[in-house]
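Here, residue 1 is the first one in the sequence, and each next residue gets the next number.
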Amino acid sequence: MLQKAQTERLAAAPPPTAPSYIPPFGMRTVIGCLGVLLAVHVAGFNEHITDIGLSDIRGEMHIGHDEGVWFTSIYESFNIAAMAFTPWFYMTFSIYRFTLFVTAILGFLALPLPFMPDLTSLYILRAAQGLSAGCLPPILMTVMLKYLPPQIRVFGVGGYAMSATFGPNLGGPLEAMWFEHVGWRWLYWEALPLCLLSIVMIAYGLPRDPSHWARFRNFNWRGFLLGVPSILCIVTVLYHGDRLDWFRSPLIVHLTFWGGGLFIGFLVHEWFHHSPFFRIQFWGNRNIAMAMLTLVATLMICGLMAAVPSLYLTAVRGYRPLQAAPVSLVVALPQLILLPLTAALCNIRAVDCRYVLAFGMSCMALAAWFGTWLTPDWVRDNFYIIQILQVFGQPMVVIPVLVLATMGLGPADGPLISGMVNMLKGMASAIAAALFETLVRRREQYHSNMLLERSGENGTALSGFGNPINGQLSNISPDTAHVARNSLQIFHTYLHEQSLVLALADIYFVIMWICVFFVILTAILPGRVYPPSAPKPAPATS
């Protein structure tokens, strides 16, 4: 009887996985890894260019505001869902074949997008493009952990960090260049030549690892069917919550209830499943837990600090994207130098990456503190000191966070954590977008009400000073009713401008205290990790 039970247990257990395929390292492998890195940046450019240039796309394709929000949310929801489950698929189909396939799909789908005849077909293609783009960041993380030797693995982490610092800050300048000088269709088509180049590099250099079709016999169908719709629902709530006034909307209530319930069920199922998409138990590691929390906070902070100057310069100062582009370029271009330097710093055994993380977060806090001094008189040049502090702060936060999360793992652990890290990375962008929209609206309404109240309270006391707006307008129009109407309109324009500036300053204040909190958390939670080194050869025996 006991022997029969053991036989049944062995038959039900999943078959042992094939040994990890790690080829000899050389220049060819470097070219392949750089091809994957380029493909990830193409996916990031495609996301941020069409997001930043959404007003231009809406104007050219005759899309309304609400339809434009769906245009963004559909892409992002499928993008984040793909990040979560990609590791299982590239382990099954092989990294080499799967990377070539999704990169080709990403570029191919960009071609017909500007010619879609209706919103339904546009949304379907955009969802498919988001699905293919979301598959690439987890592949990059696994490639860097699997194919790079221990001595330079930190530099691979730095390459992955470029997708969080370099790519998002380059989206605005690229959008301005394509729209102003080439044409709005190139907001989509910019992916075509870069995808072709990355495909050539991947086909030449990435190792041809084997496929494992037998994994389909143990596919985690229940986890997949619980996880995908839950992520789609949660991301949709984040992008549409503020527009629909959150829980006053039946759609948001239902999506939150069903999406949250499915996601909780997904996490419970993954905890007990023998072949999970996520290894939830990684959260028991203090360094990994700290890295996950800090990564989400850091990407939220970076998203918020990029959105504030962009909104201020366009809404208050009336800048076009081309005029606001230098503010983003100040952060983006130095990353090409500072990311490798920060990786080299963290690769020194005597350097504790926790101190690097605390210093970088302090730079971000100082930048946010400078932002609290925002006034309606600021122009583009006033933001440069804030951006320069971010130049040093962003790589000194992102790279130590990834080092804390990955340096204690082996190559076989990469697929089990890359999906979770990248899903959180995508969720952080969605949370930042929702938080920014909500804070701007709520704080602007608050300051607008307070300014109107102060104006009403002090109107009589200030009446002796006259009305300078009426004085200016009365000289150009004899119609007193017309002057009164225009005077009131100008007053409300000034009021809106001032309340928006105060709301953006409040956002900087919130960011500053988030940074301070994570500086304190860095001193408490994580333990020290050391950079990996090559295994020492065993001493020769006589």
Side-chain angles (χ1 to χ4, degrees), residues 161 163-166 168-169 286-312 327-328 330-332 334-335 338-339 342 345-346 351-374 378 382-405 421 424-425 427-440 442-443 501-526:
S163 63
T165 58
F166 176 74
N169 288 300
R286 290 172 57 189
N287 287 350
I288 294 178
M290 170 66 186
M292 299 289 190
L293 293 173
T294 310
L295 180 65
V296 171
T298 301
L299 295 175
M300 287 174 55
I301 290 167
C302 292
L304 292 172
M305 295 192 76
V308 170
S310 176
L311 178 60
Y312 172 85
V327 176
S328 299
V330 167
V331 179
Q335 301 301 318
L338 285 173
L339 280 167
T342 306
L345 180 65
C346 291
V351 175
D352 190 341
C353 68
R354 295 176 298 176
Y355 292 109
V356 180
L357 172 59
F359 180 78
M361 196 63 82
S362 300
C363 288
M364 301 290 284
L366 183 60
W369 180 74
F370 280 125
T372 60
W373 297 84
L374 181 67
W378 279 32
N382 295 102
F383 286 96
Y384 285 154
I385 183 63
I386 297 175
Q387 303 300 91
I388 289 171
L389 285 168
Q390 291 184 69
V391 166
F392 294 96
Q394 288 187 12
M396 288 187 175
V397 171
V398 176
I399 290 182
V401 163
L402 294 173
V403 168
L404 287 171
V421 169
L424 290 175
K425 176 173 170 282
M427 282 288 186
S429 300
I431 294 171
L435 185 62
F436 182 74
E437 294 290 336
T438 302
L439 285 176
V440 168
R442 295 293 177 91
R443 297 306 297 174
V501 169
L502 291 171
L504 296 178
D506 289 346
I507 293 175
Y508 273 127
F509 188 77
V510 171
I511 294 171
M512 180 187 71
W513 283 109
I514 293 175
C515 293
V516 171
F517 171 77
F518 276 92
V519 170
I520 298 172
L521 195 65
T522 303
I524 298 173
L525 189 58

*In Å and rounded to the nearest 0.5 Å, what is the CG to CD1 distance from L339 to I399?*
4.5 Å

*State whether the side chain of T438 and the backbone N or O of L435 hold a donor-acceptor pair below 3.5 Å, judged by distance alone.*
no

*Write down the atom of P400, the atom of P395, and the distance for their closest heavy-atom approach.*
CD-O, 3.6 Å

*Could you tell me whether the side chain of F518 reaches within less than 4.5 Å of the side chain of V397, counting heavy atoms only?*
no

*Atom pair CG (L504) and OH (Y312), whose distance is rounded to the nearest 0.5 Å*: 9.0 Å

*asked:* How close do C353 and V403 get, counting heavy atoms only, and between which atoms?
replied: SG-CG1, 4.2 Å

*asked:* Using side-chain heavy atoms (C-beta onward) and a distance below 4.5 Å, is T522 in contact with F359?
replied: no

_Using 0.5 Å steps for rounding, measure from the OG1 atom of T342 to the CD atom of Q394._
11.0 Å

*asked:* By the salt bridge (charged side-chain N to carboxylate O under 4.0 Å, His left out) test, which pairs, at least two apart or in different chains, include something from residues 353-368?
replied: D352-R354

*Closest non-hydrogen atom pair, I388 against F392*: O-CD1, 3.3 Å

*Do M305 and I386 have side-chain heavy atoms sitting under 4.5 Å apart?*
yes

*From L357 CG over to S362 OG, what is the distance, rounded to the nearest 0.5 angstrom?*
9.0 Å

*asked:* Looking at every non-hydrogen atom in both residues, tell me the closest pair between A432 and L304 and how far apart they are.
replied: O-CD2, 3.6 Å

*Would you check if M427 and V296 make a side-chain contact, meaning some heavy-atom pair closer than 4.5 Å?*
no

*Does a side-chain heavy-atom distance below 4.5 Å link L439 with D506?*
no

*Taking all non-hydrogen atoms of both residues, which atom of V331 and which atom of V391 are closest, and how far apart?*
CA-CG2, 3.7 Å

*With side chains defined as the heavy atoms from C-beta onward, is the minimum distance between W378 and W373 less than 4.5 Å?*
yes

*Heavy-atom side-chain contact between M361 and I301 under 4.5 Å*: yes

_Min side-chain heavy-atom separation C302-M364 under 4.5 Å_ = yes

_Approximate separation, where rounding is to 0.5 Å, of I431 CD1 and L299 CG_ = 10.5 Å

*Might you point out which heavy atoms bring Q387 and P309 nearest each other, and give the distance in Å?*
OE1-CG, 4.5 Å

*Can you measure from CG (L374) to CZ (F383) and round to the nearest 0.5 angstrom?*
5.0 Å

*Does OH belonging to Y384 count more than 12 external heavy atoms closer than 6.0 Å?*
yes

